[in-house]
Amino acid sequence: MVLKSISLINFRLHKNSSLNFSEKINFIVGGNGQGKTTLLEAIYYLTTTKSFVATTDADAVRFGERSFELNGEFKNQTENKIRIFYSKETGKKQIFLNKKQIVKSSAIIGKFPVVTLTQADHYITKGYPEERRKFVNSVISQASSTYLNYLIEYNRILRQRSSLMQRIKENYSEKLLNEFDAWTEYLISNGVEIVKHRLSFVKEFNEYLKEAYANIMLQEEIPIIKYKFLETSDEKNAEEFFRKELRARRDDELRRAANLVGPHRDEFRFYFNNLELRKFGSQGQHKTFQIALRFAQFFYLKDKLNKTPIFLMDDIFGELDAFRSTKISEYLGKIGQAFITLTDFSNYEEILNAENDKLIKVENGECVYE
Amino acid sequence: MQIAEPLQIAIDELSKLPSIGKKSALRLALFLLKSQPDEVDNLVKAILDLKRKIKFCKICGNISVEDECEICSNPKRDRKIICVVEEASDIIAIEKTNEYNGLYHVLGGVLDPLKGVGIESLNFASLLTRIENEEVKEILLALNPDAEGEATSIYLARQLKARGVKVSRIARGLPIGGDLEFADEATIGRALINRTEL
């Protein structure tokens, strides 16, 4: 899949920017705060309807304006146009696919696969278990809308269940406990589906991760993601283990009025050569793992969806030596379309393949081709 | 801008109706203002009659003119099976199919702790009374397939089975006349899980 062109109207610093892109690598160069990352953000918005930086839609409206608009033209076997319009006054975000309005954003997720590699990725390898769950959830959701639906339902059950536990805590009764057991039963049947998806995902994804390590990062270390649900990695046991643990922690859950057991507390542990990355990884090993994760995601999605994702890299090359950066961008050029932001291009001039690649300079929200 | 008081009151009242905003309410009020007096009288009478003459069946909770609804008082209906639905409007939907000849029971909602709805606020006790007094053999659950509907179905199934009644649920699957390729994955997934032998 290829993003042919994009336009940004009143989106952050950009008053009105229209750009045509290369089908290979697009280097976006500019100083800090000039609006390079905003271009990536706009692409991410168009493919997922959300921002990859943690802000509200209203924050993305250009200062002093009332709304923003994004347009993107994608080419796969067919051409698709996506338009996103957000108005501050109504607080509503409207999404159009080929001029037809889309109600559920889940209708778009996975249709236009995108992979991002940003500085924030260091949270995935260094941060709390929640960050790794988020990563795993986002990759599986992109590949399987069934999983996404289970996840949405599961989160709904968690909210209902904790609200009920709160009521039981304030107002204990047998009847409420019977209701609680019904919610628990539904938690199990939904949770087990999530666990099944995760177990088979991790097994498959590890192969992609190993390949990325060896072929792209040129590392001899063997990376692996380890995942167990309550000490089992056999999906046949998931239900029994879940049920048992819930029974064991029932009083604890009711006393604290909190969901203490389930896949929402799963841990995904990252290892290289049988050492846990979080404990033993050097700065460089973390970086290597982060990049490998994203390349593994890229090829995993490509195989699952039969569509080549768009690769977005924000300010990554600054952290890598010239040799690594060259290797990665050469590789990217072979596999699909990529967008790479850089603060300074002078060190990378030899990377640019003038025939296929494009160099875009961004200054104070204005874009020019070089 | 100053709006004549009776018009303002009419707008305020109309905008309390579901899916009617201030603008639609204004349009409706102006339409009524221009209508013939007897047309407005008919509308008012219809609304008043709705409230005065319609009640809820004391057995199943269905919309009814009499104390007992037409379904509950119909001797031709199968009294061995009761279909449990969320709202009376669901009965209308099922009745249109002409495929079901049993009785109904309107729950009046589903378990929804976030909104403070527990089993106490639903018409569940009356269902238990019904299965004790009547010769009910089967309860058919027809609640919406969302989180709240599912949890409620599980709750009802457990309670009812404990009292020795057979409990079934309506199947989930593909819409008739729909193309498989256009159905959403969740529906196809459920249809695969609930597959039937031929």
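These figures come from a predicted structure and were not determined experimentally. Reckoned from all heavy atoms, side chains included, excluding hydrogens, waters and symmetry mates.
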> Does NZ in B:Lys45 sit with more than 12 non-hydrogen atoms of other residues, nucleotides or ligands closer than 6.0 Å?
Replying inline: no
> Within a reach of under 6.0 Å around CD of B:Glu68, are more than 12 heavy atoms found that belong to other residues, nucleotides or ligands?
Replying inline: yes
>> Using 0.5 Å steps for rounding, measure from the CD atom of B:Glu150 to the CG atom of A:Asn190.
In response: 8.5 Å
> In Å and rounded to the nearest 0.5 Å, what is the OH to NZ distance from B:Tyr155 to A:Lys175?
Replying inline: 7.0 Å
> Between A:Trp183 and B:Glu148, which heavy-atom pair has the shortest distance, and what is it?
Replying inline: CH2-CA, 3.8 Å
> For B:Asp146, is it the side chain, the backbone, both or neither that has a heavy atom under 4.5 Å from a heavy atom of chain A?
Replying inline: backbone
> Of all of A:Ile157, A:Leu164, A:Thr184, which one pairs up most often with chain B through heavy atoms under 4.5 Å apart?
Replying inline: A:Leu164
> How far does CG of B:Leu111 sit from CD of A:Glu179, to the nearest 0.5 angstrom?
Replying inline: 4.5 Å
> Near B:Lys22 NZ, under 6.0 Å, is it more than 12 heavy atoms from other residues, nucleotides or ligands?
Replying inline: yes
> Looking at A:Ser173, A:Ser145, A:Ser162, A:Ser163, which one has more heavy-atom pairs under 4.5 Å with chain B than the rest?
Replying inline: A:Ser163
> For A:Gln166, does the CD atom have more than 12 heavy-atom neighbours from other residues, nucleotides or ligands under 6.0 Å away?
Replying inline: yes
>> Is it true that, when you exclude B:Glu5 itself, more than 12 heavy atoms of the residues, nucleotides or ligands shown sit nearer than 6.0 Å to its CD?
In response: no
>> For A:Arg156 versus B:Ala147, what's the shortest heavy-atom pair and its separation?
In response: CG-CB, 3.6 Å
>> Is A:Tyr154 in contact with chain B via its backbone, its side chain, both, or neither, using a 4.5 Å heavy-atom distance?
In response: neither
> So do the side chains of A:Asn178 and B:Arg158 get within less than 4.5 Å of each other, counting heavy atoms only?
Replying inline: no
> Would you say A:Gln160's side chain and B:Leu114's backbone share a donor-acceptor pair under 3.5 angstrom?
Replying inline: yes
> Using non-hydrogen atoms only, which part of A:Arg167 is less than 4.5 Å away from chain B: side chain, backbone, both, or neither?
Replying inline: side chain
>> Taking atom NZ as the centre, does A:Lys93 end up with more than 12 heavy-atom neighbours from other residues, nucleotides or ligands that are less than 6.0 angstrom away?
In response: yes
>> Taking CZ in B:Arg163 as the centre, count heavy atoms belonging to other residues, nucleotides or ligands within less than 6.0 Å. Is the count above 12?
In response: yes
>> I'd like to verify something: which residue of A:Leu176, A:Thr146, A:Asp181 has the highest number of heavy-atom pairs under 4.5 Å with chain B?
In response: A:Asp181
